[in-house]
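Okay, so here's the structure we're looking at.
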Amino acid sequence: LIKRIYKLYCIKFILPDFYKSLMKITKLKSLIGIIIIILFFILSSFIVQKYIDNITPLFNFGIYGMAIYVLITIVSIVLAPISSFPLIPLAANLYGWKISAILNIIGWSIGAIISFILARKYGVPLISKLISLNEIYKIEKLVPKENVFWSVVFLRMSIPVDILSYALGLFSKISFR
């Protein structure tokens, strides 16, 4: 009886406080991460603007430069910890924002397709080397069994494309076609 009372006491009073403090820490870490990403983007934009005359000759190879940029974007999606995010201001200055947006969409799409296929074909052993499986398992719970298309569209807006592509490749019934 005493064990039951203690267990109920822990569930009712101690765990909610622990959960609340854990959620505060998680929210704080997320906020710090977002602030760091924004500051990094502003810094890279500033550097590109300030040194554009020095940087342009290194990367301005016309169509070959665009192909290299798309290839870097694809690699950054397939190899999840790597990010091409700091290169976006450079591409926008070199090619203009419209062409840069198109190049990013092409790179993200091809990278997402490759990630999906790798996850579908080689599964957990390969993916665990690229991404934390805990993140993928969290995303698995977010993908419903019905209205999958709209759910994927929503998730794509809120979750990085690399993690989402691996999660969909591992756990969904979505076919590549």
Minimum heavy-atom distance Ala112-Ile77, with the two atoms named
N-CG2, 3.7 Å
Say whether Leu71 and Tyr64 are linked into one hydrophobic cluster, either directly or through other cluster members, by side-chain heavy-atom distances under 4.5 angstrom.
no
Find out if a path of hydrophobic residues (ILVMFWY) with successive side-chain heavy-atom gaps under 4.5 Å connects Ile102 to Trp97.
no
Rounded distance (nearest 0.5 Å) linking atom CG of Leu87 with atom CG of Leu94
10.0 Å
Gap separating the NZ atom of Lys98 from the CG atom of Leu103, nearest 0.5 angstrom:
14.0 Å
Take atom CD1 in Ile63; do more than 12 heavy atoms of anything else shown fall under 6.0 Å from it?
no
Asn104 meets the side-chain contact (heavy atoms from CB on, under 4.5 Å) criterion, sequence neighbours left out, with Tyr69, Thr73, Ile88, Ser100, Trp108
Suppose we screen for side-chain contact (heavy atoms from CB on, under 4.5 Å). Which residues come up paired with Tyr122, at least two apart in sequence or across chains?
Leu118, Leu126
